[in-house]
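First up is the structure itself, then whatever we jot down about it.
Proteins get letters first, then strands, A, B, ... in listed order; numbering begins at 1 in each.
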Amino acid sequence: MQVRLPDGSERRYPTGTTVLEVAESIGSRLARAALAAKVNGQVVDVARPLEEDATVEILTEKSSESLDVLRHSAAHVLATAVRRIRPEARIGFGPAIEDGFYYDFEVAEPFTPEDLKRIEEEMAKVAEADDPFEREVVDRARARELFAADPLKLERLEELGDGEVITVYRNGPFLDLCRGPHVPDTGRIKHFKLLNTAAAYWRGDSNRQTLHRIYGTAWHSKRELEDYLHRLEEAKKRDHRRLGRELDLFFFHPTAPGSAFWTHRGTIIFNALVGWMVEVLLENGYDIVKTPLLFNKGLWEVSGHWGKYRENMFLVLDNETGEHDFSLKPMNCPSHHLMYTAKKRSYRDLPIRYATQDVLHRNEVSGALSGLTRVRQFQQDDAHAYLAEEQISDEVGRMVGLLDYFYGVLGLEYTTKFATRPDVRIGDDEMWDRAEGALLAALESTGLAYELKPGDGAFYGPKIDFDVSDSIGRKWQLGTIQLDYANPDRFDLGFTGEDNREHRPVIIHRAIFGSFERFIAILIEHYAGAFPVWLAPVQVVVLPISDEQNESARQFAGDLAAVGIRTEVDDRSETLNYKIREAETQKVPYMAVIGGREAEAGTVAVRVRGAGRKQEIVTRQAFAGRVREQVDSKTLRVGFNGPREM
RNA sequence: GCCGGAGUAGCUCAGCUGGCAGAGCAGCCGCCUUGUAAGCGGCAGGUCAGGGGUUCGAGUCCCCUCUCCGGCUCCA
């Protein structure tokens with residue numbers, strides 16, 4: 001049989017030659033490094049015999065696919081170790097996931113941190129044993145026998161269709177119903193760590209039994225493992241909940257679960273973002289509007305929320321009727337639609353664009369709440385454009401430009417996804433053809449690369465989603481542009497066309513930040529609390545070296561405040577070192593030091609956040625001018641001369 | 001909502017098998033007058049999340065509630 005290799009060369013082997021033997025024939029080093037292989041595009045074990053002509057790629061540490069294989073094998077090693085310590089544990093699923101793996105166990109007693117340590121030690125022994133992972137094809141009857149004591153595996157087994165090949169994998173004492181593939185032997189699992197335990201429902205179904213999940217991570221090298229653990233540490237340090245407290249930006253109180261208290265400093269950031277957005281939207285033809293927070297059920301009946309979404313709404317008692325007929329709004333769309341219908345609209349008015357930062361409430365289940373990223377009260381940067389169908393492409397192009405501008409100023413990179421018609425949907429195919437065509441044309445005209453997500457659109461129309469990456473590589477879905485053909489009907493929206501006839505507009509829902517709360521959480525973590533000057537709650541702290549300079553310092557601070565620079569004076573009777581340490585930990589962009597010499601000369605010694613001992617003596621006026629300029633231009637970098645670390 | 005873990009001073013955390021509630025930092029008061037990441041000394045600060053129970057005695061053991069954390073589910 002013929003084997004084609006990635007370099008294009010072809011070799012002949014007898015039928016039944018294994019991938020490993022192919023690797024050996026190329027080089028012993030390759031054979032030793034082989035973790036898995038890709039045969040005709042499918043990832044398989046290296047021990048797999050080749051039955052016919054094939055394209056073969058040997059997967060070593062260098063390929064990303066081999067990492068998934070390694071991690072899945074690590075999950076088996078984990079299960080092997082758990083079985084040694086808790087022989088009665090029944091096994092669920094144990095897949096590779098992003099950055100690691102997990103395995104679910106049905107056990108009477110949950111795992112403790114001490115258990116985790118022991119299990120980890122046991123895993124090292126399993127790895128040391130260097131048992132091969134052996135694949136075996138079995139028939140259903142044999143599989144039932146093998147897993148007679150593992151009801152979860154039996155359940156999975158019964159789901160496999162008759163045509164499917166049933167495989168089991170064995171490593172030493174451990175046997176698992178598993179499709180594979182695996183690395184050649186347990187000895188390949190060298191660099192791993194168990195991270196935490198958590199409960200999980202069997203099959204993700206809250207009506208089924210609770211399993212206990214162990215999460216771990218595994219890598220090809222010690223270096224990669226350490227880097228990953230370091231990244232976790234870094235993420236912890238950047239955690240917005242921690243920085244929110246340390247930088248005094250916001251807090252939560254048990255009396256208002258899921259709703260943040262914004263302190264003065266946090267509110268400055270919040271308002272700066274809102275103000276910036278309003279300013280830019282006004283320049284871009286949006287109407288900035290406010291609508292009521294509380295509505296009676298009439299609105300929700302029209303919008304359809306009363307039927308499907310009521311559980312998630314905060315209902316309010318009407319004293320006159322004694323009924324909970326009112327609700328805090330969970331979204332802005334319906335009230336914007338009402339605003340649209342409040343007047344007769346002409347084609348000349350379109351597009352009409354409403355933007356709102358109103359407060360919304362959603363009654364999230366208590367277990368879902370988490371810091372600022374999952375809250376019950378929040379403000380979306382919500383906008384709806386009402387337009388004629390032929391305007392879609394142009395309008396979407398503008399919106400994409402707007403998103404690009406906002407993310408760009410903040411230094412956020414993003415990728416886009418184009419989601420098309422789902423199986424369950426409204427409207428006929430012709431409508432979807434037009435909608436998807438217009439949206440795609442707009443997206444393509446921007447020149448952005450995008451990922452196609454067939455079937456991922458909303459039931460009422462296709463959409464474009466924006467995933468933003470933060471400075472430590474995590475992705476967040478933020479922006480969205482969604483076409484909506486359902487609500488114009490529901491709310492009976494119309495406009496008079498050039499032909500003097502009534503037409504239906506199309507709605508585009510659009511958000512850039514998502515919610516301000518969640519977005520600020522992302523920004524805090526992205527900047528690690530070190531905000532660009534224009535967003536920093538305190539932009540300059542003036543530090544007199546001794547009490548002698550307090551007067552001079554206060555005067556300077558007053559001058560800065562007069563040109564709109566947020567300034568504080570630290571005139572406590574402390575050493576300069578003390579004051580600098582505090583300003584650095586508070587991430588204040590500029591420290592303006594005033595000692596005897598500066599007071600005398602009317603200058604200031606500027607220390608830049610994070611730049612260490614370097615200082616620059618400048619005139620006070622020049623300093624004010626430069627800071628002002630950085631605020632106005634929303635400069636990301638702090639410091640004045642040349643490239644310098646933030 | 002469900003499963004598991006946690007809640008001790010403003011913050012970070014000690015407090016063993018039940019026996020008088022502690023430290024560092026922050027705060028306040030004093031001294032020091034300070035030149036680029038913590039000067040020195042003192043003082044004050046607690047319904048041990050809340051409620052109930054067991055016990056001669058509960059921060060510690062049991063039950064209920066609240067909140068937070070990690071997941072599941074859901075989602076902006």
Side-chain angles (χ1 to χ4, degrees), chain A residues 102 104 106-107 109-113 115 195-215 236 239 241-242 245-246 248 251-258 309 311-312 330-332 360-382 465-466 476-480 509 511-519 521-522 543-550 571-586 591-599 605-617:
Chain A
Y102 68 78
D104 286 340
E106 190 177 9
V107 283
E109 291 293 313
F111 300 102
T112 66
D115 290 337
L195 297 173
N196 57 330
T197 59
Y201 302 114
W202 171 235
R203 315 308 294 266
D205 180 347
S206 59
N207 297 313
R208 305 295 302 271
Q209 67 266 50
T210 298
L211 306 183
H212 294 280
R213 177 173 296 180
I214 298 178
Y215 282 95
K236 229 188 223 171
D239 189 314
R241 292 168 297 194
R242 172 183 175 145
R245 185 175 54 241
E246 288 175 357
D248 193 21
F251 64 92
F252 289 88
H253 192 273
T255 56
Y309 198 76
E311 287 183 357
N312 284 302
M331 46 186 64
N332 293 302
L360 303 177
H361 288 85
R362 294 185 189 175
N363 197 356
E364 299 291 347
V365 296
S366 57
L369 302 178
S370 175
L372 286 178
T373 56
R374 295 286 291 162
V375 288
R376 286 190 174 137
Q377 178 193 306
F378 58 100
Q379 289 171 243
Q380 280 185 335
D381 67 309
D382 215 355
D465 284 330
F466 293 73
W476 304 86
Q477 197 194 309
L478 291 184
T480 187
H509 303 252
I512 299 174
F513 296 164
S515 84
F516 284 94
E517 284 77 0
R518 178 163 168 265
F519 190 65
I522 292 164
L543 306 178
I545 289 178
S546 80
D547 294 350
E548 302 271 303
Q549 293 89 41
N550 281 356
D571 57 6
R572 291 175 301 177
S573 182
E574 292 287 353
T575 59
L576 180 63
N577 276 336
Y578 184 92
K579 296 176 185 179
I580 283 179
R581 179 184 156 79
E582 184 141 305
E584 288 279 1
T585 55
Q586 285 296 304
M591 285 148 272
V593 177
I594 295 181
R597 298 195 291 274
E598 289 78 15
V606 179
R607 176 177 167 126
V608 178
R609 174 181 69 201
R613 289 180 76 104
K614 286 174 259 183
Q615 64 165 5
E616 191 187 355
I617 314 280

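- Looking at heavy atoms from C-beta onward, L195(A) lies out of side-chain contact with Y102(A) at the 4.5 angstrom threshold.
- Nucleotides G45(B) and G1(B) place their C1' atoms 39 Å apart, quoted to the nearest Å.
- Residue contacts for E598(A): at a heavy-atom cut-off of 4.0 Å it reaches a base atom on one of the strands shown.
- N363(A) places its CG atom 17 Å from the P atom of C74(B), with the value rounded to the nearest Å.
- Between the P atoms of G51(B) and C66(B), the separation comes to 15 Å (whole Å).
- Nearest to the side-chain atoms of P257(A) among the listed nucleotides G27(B), C69(B), C68(B) stands C68(B).
- Comparing C75(B) with A58(B), their C1' atoms sit 43 Å apart, to the nearest whole Å.
- Using P as the reference atom, A9(B) and G24(B) are 16 Å apart when rounded to the nearest Å.
- Of the possible polar contacts, one joining the E584(A) side chain to the G610(A) backbone as a donor-acceptor pair under 3.5 Å is found.
- Checked by atom type and distance alone, the side chain of E517(A) pairs as donor or acceptor with a backbone atom of Q379(A) at under 3.5 Å.
- Following rounding to the nearest Å, I594(A) (CD1) and U34(B) (C1') show an atom-to-atom distance of 15 Å.
- Comparing A76(B), U33(B), C68(B) against the side chain of D547(A) picks out U33(B) as the nearest.
- To the nearest angstrom, P of U34(B) lies 13 Å from CG of N550(A).
- Taking atom C1' on both nucleotides, U8(B) is separated from G46(B) by 8 Å, rounded to a whole Å.
- Looking at heavy-atom distances under 4.0 Å, A511(A) makes no contact with the nucleic acid at all.
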Once each nucleotide of nucleotides 1-13 of chain B is scored for protein heavy atoms under 4.0 Å, what B/S/- sequence comes out, 5' to 3'?
BBBS------SS-

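- Residue contacts shown for L543(A) are absent, as no nucleic acid heavy atom lies under 4.0 Å away.
- Following rounding to the nearest Å, L195(A) (CG) and G70(B) (P) show an atom-to-atom distance of 14 Å.
- Using a 4.0 Å heavy-atom cutoff across all strands shown, R242(A) reaches no nucleic acid atom at all.
- The side chain of S546(A) lies closest to U33(B) when the candidates are U33(B), A76(B), C72(B).
- Between the CZ atom of F513(A) and the P atom of A76(B) there is a distance of 18 Å, given to the nearest Å.
- Of all nucleotides present, only G39(B) satisfies the Watson-Crick or G-U wobble test against C31(B), with each distance under 3.5 Å.
- A straight line from CD1 of I545(A) to C1' of U33(B) spans 11 Å, rounded to a whole angstrom.
- Residues Y578(A) and R572(A) form a side-chain contact, since some pair of their non-hydrogen atoms from C-beta on lies under 4.5 Å apart.
- Base pairing of G7(B): its partner is C66(B), meeting the Watson-Crick or G-U wobble criterion (both donor-acceptor distances under 3.5 Å).
- Here the C1' atom of nucleotide A76(B) and the CG atom of N312(A) are 12 Å apart, to the nearest Å.
- G371(A) comes within 4.0 angstrom of the backbone, heavy atoms only, and of no base.
- Mapping R213(A) and G595(A) onto RNA chain B by nearest heavy atom places G595(A) closer to the 5' end of the strand.
- A 3.5 Å limit on both hydrogen-bonding distances identifies no Watson-Crick or G-U partner for G45(B).
- Evaluation of atom-type donor-acceptor distances gives no pair under 3.5 Å for the side chain of R241(A) against the base of C68(B).
- Nucleotides of RNA chain B nearest to D239(A) and G596(A) differ in position, and the one nearer the 5' end is that of G596(A).
- With a 6.0 Å radius and a threshold of 12 heavy atoms from other residues, nucleotides or ligands, E548(A) has its CD atom at or below the threshold.
- A donor-acceptor pair under 3.5 Å is absent between the side-chain atoms of R213(A) and the main chain of D104(A), judged by distance alone.
- When side chains are defined from C-beta on, R362(A) counts as touching Y309(A), because their heavy atoms get closer than 4.5 Å.
- Side chain of D381(A) to backbone of I512(A): a donor-acceptor contact under 3.5 angstrom is found.
- In this structure, the side chains of R376(A) and L369(A) come closer than 4.5 Å at one or more pairs of heavy atoms.
- Residue F516(A) contributes atom CZ, which lies 12 Å from atom C1' of A76(B) at whole-angstrom precision.
- Here the separation of U60(B) from A21(B), taken at their C1' atoms, is 12 Å to the nearest Å.
- Contacts of F252(A) with the nucleic acid, taken as non-hydrogen atoms under 4.0 Å apart, are absent.
- Q377(A) has its side chain out of reach of S515(A): every pair of non-hydrogen atoms, C-beta onward, lies at least 4.5 Å apart.
- With a 4.5 Å cut-off on side-chain heavy atoms, K579(A) and M591(A) do not count as touching.
- Here the separation of A49(B) from U55(B), taken at their C1' atoms, is 23 Å to the nearest Å.
- In this structure the side chain of Y201(A) never reaches within 4.5 angstrom of the side chain of L211(A), judged on heavy atoms.
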Do any N or O atoms of the protein come closer than 3.5 Å to N or O atoms of nucleotides 37-39 of chain B, and which pairs are they?
from	atom 1	to	atom 2	distance (Å)
A37(B)	N7	R607(A)	NH2	3.1
A37(B)	N6	E584(A)	OE1	3.4
A38(B)	N7	R581(A)	NE	3.4
A38(B)	N7	R581(A)	NH1	3.2
A38(B)	N7	R581(A)	NH2	3.4
A38(B)	N6	R581(A)	NH2	2.6
A38(B)	N1	R581(A)	NH2	3.3
G39(B)	OP2	T575(A)	OG1	3.0

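- In this entry U12(B) has A23(B) as its Watson-Crick or G-U wobble partner, both defining distances falling under 3.5 Å.
- Taking atom P on both C64(B) and C25(B), the two are 41 Å apart, rounded to the nearest angstrom.
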